[in-house]
Amino acid sequence: MSGKGGVGKTTIAVALALLAVKRKRRVILIEMNSTSRVAPLFGKLANKQEPVVLAPGLTGLNLTPGACFEEFVLKQIRLKILYNTFFNNSYVRHFVDAIPGLGELLMLGKIYDIEGSSKSLFSSEPLYDLIIIDAPATGHGLSMLEVPRVVESVVKVGPMHRSACSMQRLFSDAAKTALCLVTLAEEMPVVETAEFAAALKQGAKMSFGPLFINALMPAIPEVNSLASLPDELTIYRHYHELTRRRASLNKQYVADIKKRFPDFVRIELPFLFNDLAEPTDFEPLVKAIMGTP
Amino acid sequence: MKTAKVFLVCGSGGVGKTTVSAALGLALAKQGYAVVVVTVDPAKRLATALGIGEIGDDPKPVPVKAAGSLLAMMLDTKRTFDRLIEKHAPTKTQCDRILNNVLYRKMSDMMAGTQEYMAMERLYELYAQGKYDAIVVDTPPMQHALDFLEAPQRMMRMLNNSMLQLLLKPAMAVGKKGLKFFEKGSRTILKVFDKITGFDFLQDLSEMALAFQDLLAGFEERANQVNTLFKNPECQFLAVCTTTANSVSETELFAGQLRNYGYALSSIIVNRVYSGKVPSAEALVADKLALKRCLGAEGAEVVAQNFYNYVPLIRRDKKAIQRMTTLVKETVLSVPLFEADVHDLESLERIAERLTALTQ
């Protein structure tokens with residue numbers, strides 16, 4: 001999932017996860033290098049780098065470049081004490097910073113590993129049916145999704161090259177990976193989403209999943225003689241007009257989105273007037289997604 | 001030579017930071033200032049907000065009716081970085097060595113903190129030109145706001161990293177033979193990095209890092225100048241946020257982190273506020289009757305129900321604004337939610353009106 005900042009990527013990622021769980025899928029929802037917002041919704045503490053069971057069938061994970069690096073190194077040297085002696089210091093941390101793209105590559109690599117892991121040693125059944133990634137906002141998201149491709153071209157040989165290649169293969173495999181964009185039906189998010197989609201088609205060559213159009217205002221009927229309301233009732237008129245105008249603009253931009261993204265499955269989601277504090281608050285969104293053919 | 005007021009506009013993605021920056025620029029221009037607004041956003045949003053076409057690395061005038069003038073520009077990280085290197089490289093050869101390095105060419109903007117550092121660099125360039133009364137900087141999103149403050153130091157630490165030197169100099173000079181001079185620990189580290197990256201990559205990286213060595217003194221001097229500028233009372237930190245629980249807590253976190261760095265948050269601009277006063281329970285009943293009298297039963301139902309939907313949001317926003325007032329040294333301004341997002345000069349003016357308190 002990606003999109004402009006503030007359009008509701010995390011919210012929709014959660015709604016999608018809840019829907020998949022309802023359909024008996026085993027789901028992992030991954031946040032990237034963020035203050036974890038998902039775990040608290042389920043009354044759980046966010047745990048860095050450790051998967052947390054949020055609900056039956058739903059696992060949450062918050063990735064950071066630092067923790068991914070530690071995990072990677074530990075896999076190579078297998079000795080925690082050695083890691084603590086030589087790697088767990090600021091020199092090494094700055095060194096990781098110094099290698100361009102390494103942080104992104106390590107996080108994507110971790111996701112690659114999760115995709116390839118199976119339920120148990122004796123089973124080929126995958127550990128998860130669905131991996132939902134709450135990716136960074138478009139500006140930063142673009143460069144993150146570009147990392148495997150750029151690394152592939154800059155680093156010609158060696159393990160970093162090999163892993164970049166296999167990641168690029170997974171992420172550009174239309175049967176396995178879909179990039180789901182989230183937007184609002186407003187000028188700036190629509191323009192930015194279109195630019196982002198165009199850039200990705202050129203660059204990272206990912207295939208697109210559905211396009212989520214979030215926070216659509218409900219259509220309410222026009223009411224005559226609103227102007228005649230006395231001053232003390234102005235606030236009623238103000239909010240009536242606000243809803244009407246926003247709904248009509250939304251409608252206009254939904255039509256615009258249809259024109260700009262003709263091949264996309266578009267999923268329209270309602271504006272919610274309450275804060276989303278717990279899983280049941282997501283029900284209207286889950287329903288709206290289910291209701292889209 | 002003018003000494004500019006500097007406004008650093010911070011906030012997480014999607015709160016309307018770019019729009020507020022543009023509106024602040026407009027408000028300042030209306031006060032008669034010569035203003036330049038710099039955005040570092042990779043998406044071309046400032047141009048959209050200003051209702052002009054493409055904008056680039058050079059300040060471009062925005063056609064506004066104002067006593068002063070308004071220019072807008074978008075940070076070009078790569079070009080700024082190139083200029084920085086051209087300025088500080090001791091020789092032409094050294095300069096070309098960096099500019100032609102394959103890693104520098106393709107990946108320097110992926111290096112942690114590059115964008116933030118170049119934003120500082122560009123800000124300082126504009127400041128030093130002395131052509132402007134005010135510079136408004138639309139900083140990278142909040143999650144990276146501290147990178148913004150730390151950027152110069154961080155980049156220097158990285159390039160001047162003793163581990164990097166230890167690992168890379170021999171790697172570059174004598175290839176793998178150099179390994180035998182390594183202590184056991186370093187060898188382990190190099191082995192792991194080698195596993196991750198591949199030897200050629202380390203070599204490219206070492207070449208780039210070594211080429212940067214002679215530039216460090218220049219970088220350091222600039223970092224100090226930027227720090228001095230930040231401590232200057234003419235330099236103000238502003239935060240933009242919305243009233244969602246998430247945005248409020250992020251802003252609190254940011255104010256705290258800023259304090260730890262010895263800076264104070266001057267003002268907070270709370271964007272997209274559901275404003276108004278919620279009537280008491282009795283008044284709500286009386287209002288409903290009055291609505292019925294004016295609009296008829298059906299109309300009153302629609303209008304009242306719609307308003308009740310907003311009541312929790314209006315209450316939430318009032319609380320959010322109260323919480324914000326404890327975080328700032330100057331003022332908390334609120335910008336009401338308009339029916340559409342702001343992407344033309346006309347609607348920008350409506351926001352600018354709300355920000356005049358910041359231009360005094």
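The chains referred to below are lettered A, B, ... by the order of the sequence lines, with proteins before strands, and numbering in each begins at 1. Predicted model only: the values in this text are computed from it and were never measured.
- The environment of B:Lys318 atom NZ is sparse: at most 12 non-hydrogen atoms of other residues, nucleotides or ligands sit within 6.0 angstrom.
- In this structure, no portion of B:Val15 lies under 4.5 Å from any heavy atom of chain A.
- Side-chain N or O atoms of B:Asn306 include one that pairs as donor or acceptor with a backbone N or O of A:Tyr239 at under 3.5 Å.
- Only the side chain of A:Asp275 comes within contact range of chain B, with at least one heavy atom under 4.5 Å from a heavy atom of that chain.
- The two atoms that bring A:Leu229 and B:Cys294 nearest to each other are CD2-CB, 3.7 Å, heavy atoms only.
- For a residue to count as touching a neighbouring chain, one of its non-hydrogen atoms must lie under 4.5 Å from one of that chain's; by this rule B:Leu291 touches chain A with backbone and side chain alike.
- The environment of A:Leu45 atom CG is sparse: at most 12 non-hydrogen atoms of other residues, nucleotides or ligands sit within 6.0 angstrom.
- Rounding to the nearest 0.5 Å gives a distance of 7.0 Å between CD of B:Glu250 and CZ of A:Arg37.
- If you measure heavy-atom distances from A:Leu226 to chain B, the contacts under 4.5 Å come from both the backbone and the side chain.
- With a 4.5 Å cut-off on non-hydrogen atoms, B:Asn309 touches chain A through its backbone and its side chain both.
- B:Arg105 does not touch chain A: none of its heavy atoms, backbone or side chain, sits under 4.5 Å away.
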query: Passes side chain to side chain contact (heavy atoms under 4.5 Å, CB included), B:Val302 versus A:His240? Steps please.
result: CA-CA 9 Å; B:Val302 171; A:His240 183 81; 3.9 Å; yes
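- Between A:Asn224 and B:Leu295, the shortest heavy-atom distance links the atoms O-CD2, 3.5 Å.
- Enclosure of atom NZ in B:Lys292 is not indicated, since only 12 or fewer non-hydrogen atoms of other residues, nucleotides or ligands lie within 6.0 angstrom.
- In terms of heavy-atom proximity, A:Tyr236 sits nearest to B:Pro279 at OH-CG, 4.2 Å.
- For the options A:Asn274, A:Leu233, A:Ile220, heavy-atom pairs under 4.5 Å to chain B are most numerous at A:Leu233.
- Residues B:Tyr274 and A:Leu242 come closest through the heavy atom pair CE2-CD2, 4.4 Å.
- A 6.0 Å sphere centred on CD of B:Glu298 holds no more than 12 heavy atoms belonging to other residues, nucleotides or ligands.
- In this structure, A:Thr243 and B:Tyr310 approach most closely via the heavy-atom pair OG1-OH, 2.7 Å.
- Looking at heavy atoms from C-beta onward, B:Thr19 lies in side-chain contact with A:Met188 at the 4.5 angstrom threshold.
- Atom CD1 of residue A:Ile235 and atom CG of residue B:Asp287 lie 9.5 Å apart, to the nearest 0.5 angstrom.
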